[in-house]
Every structure is written in structure tokens, then in C-alpha cells.
Amino acid sequence: MRIVVALGGNALLRRGEALTAENQRKNARIAAKALAPLSLENELVITHGNGPQVGMLALQGASFTDIEPYPLDILGAETVGMIGYMIEQELVNLLPKDKPVATILTQVEVDPDDPAFDNPTKFIGPVYTKVEAEKLAKKKDWHIRPDGDLWRRVVPSPDPQHIFELRPIKWMIERGAVVIAAGGGGIPTLYNKKGKLKGADCVIDKDLCSCLLAQEIEADVLIMATDANAVFLEWGSPSQKAIQAIHPDALELHHFAVGSMGPKVKAAINFARHIDGNSVICSLHDIPLALEGQKGTTVSVHVDTAKFYSAHKAP
């Protein structure tokens, strides 16, 4: 079975943790322990988020005033190397010595006319109090939005259109490698008016890019590992309900926040419809049972829509 696993930001940094190399290494080790057994019986491609890491690099760059800050595409490429290196090394330490593991820098095309450039929504960097965030926004000309009880910087997040490194990714999969690709949603690129490829100062949603990658390599399953056990209806209320399995048409009737579960739900719906495969949203540790439908939320066109409607009516 060919599986794409998209690791959420908590795979390398849990909410509230300091952005130290030690903490990221510890969490990479936890992720590797969960994924290594999966790679022995399946073809495995791993993607990952990079919001905290790219935000940290942006902050570091802004503090160095002798030169212009590096754009987000270059910072994204730096995080892909850093995070991929950590995950790759931890996997190598667990897998048989003849099992190849490779990280590939992945360029992803975006549309320069995507309306997302005029409406920043993607969280990057650490969390702040409202007062701290407002001061930084004024000083650095940032866009900010609330993220739960705290505040974070937001940047444009256009939809992924094309993955340039598909051929080498497929080549490595077919030769038995565990491939780490499309990290952080891929390195955002676009064609300028002269037809030349260049970087774009934005970030791409990791789950939407993982969905595109899973479609293009014809994966059987797309797993989005997050810090939630499943997708919940009426989240945060006394009557919240976890969804075990759902048809994409039924899931689409419900609203989920853009800054949290929204992109995962959109990706799950797109993948289930496009390739007739299963999308799974679950916690990292629940992946083995989620593949069997015992944990997490499975989105599939094979779920009986009528039964779901009788159990959970859309608001």
C-alpha cells in the first residue's frame, strides 16, 4: 500500500514548547518511532509542517538589520533541510541498514493571481499575547490573527498548483525508499512575466500540498497526523462529537476554522473524491489503528452517506 503521512506542526514542536534543537530532535524521534514500522510494510512518503520554524527564522532575520530579510521561500527551503534531516536521521536509526531514506527539496508552483496574496491567513512563528502581537505587527508591518487564546503572525497561503520534483519522488518510491518530500507545503515558486521560475514570498498549506502529492503519486491513503484524536462536530461544546467515518459530501456541509482543522478537512475531501482513496485524520500514535478504521476520522466515498446524516445532522 502506498501511504502519504502529513505530520502536523506538533510532530517537531508541541504547542508552548521552546523552539530549541533539543525539543525538535526529541519530537522527531517520537514521530520516527510511530512511522518506522509503517515503512517496513508499505511504500511511505512523509510530509511535514514548518510554521514555527519558518517563523523563527523570519524573526532571526528581522533582527539582523544590515541586509534585507530573506523572503519566505528561502526560509522555507532552510526549514525543509533542517526538519528533513532530523526526521531522516531518526528513521535511519530505527530501520534496517539497507532501507533507504531520502529528503528532497520540493518546489511547488502557485498562481501569482491567487486571492490569498491579498488575504493572509496562514499562521507562522510563535504565539504572543494580544499586546505583544500588536506591538510586533506595528513595528514589523505584520498581519496578525488570534490563534486560540493567543495571537500569531499570518502570511499569504495560496493553493498549490504543481509539484516540480514528482519524477524523482516517484523514482525513489519505486526503489523502496522512504521519501520525505513537500516539507512545509513545499517551497513556493511561480513563473514571472518572462516565464522564469522564481520564489514566492508566501507559504503553502502543508495538508493541501500533501493532498496534491498523494493524488499525483496515486497513493492509496492520505493520513494527516495532528494533535487531535479525530475531527469533531461542535468542537469545544459539551455536545461535541467525534466523527469516525464520513462521506466527503456530508463532511463538506460543516464548517471548520481556516486556521486549524479547515485545511485538513478540505484536503481529506479533495483526496477522497479525486482518487477514490481513503483520507484519515488522527493523532500520530493512533495511525496503525486509524488505518483499520478503529481510531481517528476516515473520509471515503464508500461511507454510507444516508447513515451518517441520520446520526449527525448538519447545522
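Quick note: residue numbers are just sequence positions, from 1.
Residues L35 and I287 meet the side-chain proximity criterion, which asks for heavy atoms closer than 4.5 Å. Side-chain contact check for V154 versus T121: every heavy-atom pair is 4.5 Å or farther apart. Side chains of R153 and K140 form no contact here, defined as non-hydrogen atoms less than 4.5 Å apart. In this structure the side chain of W151 never reaches within 4.5 angstrom of the side chain of E132, judged on heavy atoms. In this structure, the side chains of I46 and V178 come closer than 4.5 Å at one or more pairs of heavy atoms. A 4.5 Å side-chain heavy-atom check between N42 and V221 finds every atom pair outside the cut-off. Contact annotation: the side chain of K206 never approaches that of M224 to less than 4.5 Å [non-hydrogen atoms, C-beta and beyond]. Residues P248 and V301 have side chains in contact (heavy-atom distance under 4.5 Å, counting atoms from C-beta outward).
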Chi angles and distances behind the side-chain contact (heavy atoms from CB on, under 4.5 Å) call for Y128, L136:
CA-CA 9 Å; Y128 304 97; L136 285 167; 3.3 Å; yes

Go through the steps to decide whether I180 and H48 satisfy the test side-chain contact (heavy atoms from CB on, under 4.5 Å), and finish with yes or no.
CA-CA 8 Å; I180 303 165; H48 59 78; 4.0 Å; yes

Criterion side-chain contact (heavy atoms from CB on, under 4.5 Å) on L7 and I87, from CA distance to verdict:
CA-CA 11 Å; L7 296 175; I87 297 173; 4.0 Å; yes

Which is it for N278 and S300 under the side chain to side chain donor-acceptor pair (under 3.5 Å) test, yes or no, and what are the steps along the way?
CA-CA 5 Å; N278 284 356; S300 171; 3.1 Å; yes

Could you go through L190 and K198, starting from their C-alpha distance and side-chain angles, then the distance that decides it, and tell me whether this counts as side-chain contact (heavy atoms from CB on, under 4.5 Å)?
CA-CA 6 Å; L190 52 79; K198 58 173 286 185; 3.8 Å; yes

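Without hydrogens or angle criteria, D286 side chain to L289 main chain gives no donor-acceptor distance under 3.5 Å. Not one N or O on the side chain of D73 forms a donor-acceptor pair closer than 3.5 Å with the backbone of I187. Between the side chain of E165 and the main chain of Q107, a donor-acceptor pair closer than 3.5 Å is present. At least one donor-acceptor pair closer than 3.5 Å links the side chain of T189 to the backbone N or O of V108. At distances below 3.5 Å, at least one donor-acceptor pair connects side-chain atoms of N192 with backbone N or O atoms of K196. R2 places a side-chain N or O within donor-acceptor distance of the main-chain N or O of I217, the cut-off being under 3.5 Å. For the pair D205 (side chain) and L208 (backbone), a donor-acceptor distance under 3.5 Å is present. Looking only at distances, a side-chain donor or acceptor of T106 sits under 3.5 Å from a matching main-chain atom of I104. The closest donor-acceptor contact from the side chain of E90 to the backbone of A28 lies at 3.5 Å or more, if one exists at all. For the pair T297 (side chain) and A245 (backbone), a donor-acceptor distance under 3.5 Å is absent.
The structure places CG of L94 at 9.5 Å from CG of L40, a figure rounded to the nearest 0.5 Å. Expressed to the nearest 0.5 Å, how far NZ of K135 lies from OG1 of T129 amounts to 8.0 Å. Atoms CD1 and CD, on I83 and E88 in that order, are 13.5 Å from each other to the nearest 0.5 Å. For the atom pair CG of L233 and NZ of K241, the computed distance is 6.5 Å after rounding to the nearest 0.5 Å. Separation of atoms OG (S39) and CG (L95) is listed at 4.0 Å; rounding is to 0.5 Å. How far CD1 of I223 is from OG of S210: 11.5 Å, rounded to the nearest 0.5 Å.
The cluster map of Ile, Leu, Val, Met, Phe, Trp and Tyr, joined by side-chain heavy atoms under 4.5 Å apart, puts L38 and I30 in the same cluster. Residue I246 is grouped with residue V231 when hydrophobic side chains (ILVMFWY) are merged at heavy-atom distances under 4.5 angstrom, including chains of intermediate members. Hydrophobic clustering, with ILVMFWY side chains joined whenever heavy atoms are under 4.5 angstrom apart, groups F271 together with F256. V127 and L19 fall into different hydrophobic clusters, where Ile, Leu, Val, Met, Phe, Trp and Tyr residues are linked whenever their side-chain heavy atoms come under 4.5 Å apart, directly or through other members. Hydrophobic clustering, with ILVMFWY side chains joined whenever heavy atoms are under 4.5 angstrom apart, keeps M86 apart from V80.
The number of heavy-atom neighbours closer than 6.0 Å to CD of E218, taken from other residues, nucleotides and ligands shown, is 12 or below. The environment of NZ in K99 is crowded: more than 12 heavy-atom neighbours from other residues, nucleotides or ligands sit within 6.0 Å. The environment of R167 atom CZ is sparse: at most 12 non-hydrogen atoms of other residues, nucleotides or ligands sit within 6.0 angstrom. By the neighbour-count criterion of 12 heavy atoms within 6.0 Å, atom NE2 of H143 is sparsely surrounded, having that number or fewer from other residues, nucleotides or ligands. More than 12 heavy atoms of other residues, nucleotides or ligands shown are found within 6.0 angstrom of CD on E292.
The list of side-chain hydrogen bond (donor to acceptor under 3.5 Å, both in side chains) pairs with a residue in residues 263-273, not counting sequence neighbours, reads D207-K264, D249-R273, E252-R273.
When every heavy atom of A182 is checked against every heavy atom of L213, the shortest pair comes out as CB-CD2, 4.2 Å. Considering all non-hydrogen atoms of both residues, F117 and P158 come closest at CZ-CG, 3.8 Å. Of all the heavy atoms in A31 and L284, the pair that sits closest is CA-CD2, 3.6 Å. In terms of heavy-atom proximity, C202 sits nearest to L72 at O-CB, 3.5 Å. Taking both residues in full, the closest heavy atoms of I204 and G186 are given as CD1-O, 4.3 Å, listed atom of the first, atom of the second, then distance. Here the closest non-hydrogen pair linking R145 and F123 is O-CE2, 3.7 Å.
One side chain, Q24 or Q53, offers a donor N or O that lies under 3.5 Å from an acceptor on the other.
A290 pairs by the side-chain contact (heavy atoms from CB on, under 4.5 Å) definition with V280, C282, K295, not counting sequence neighbours.
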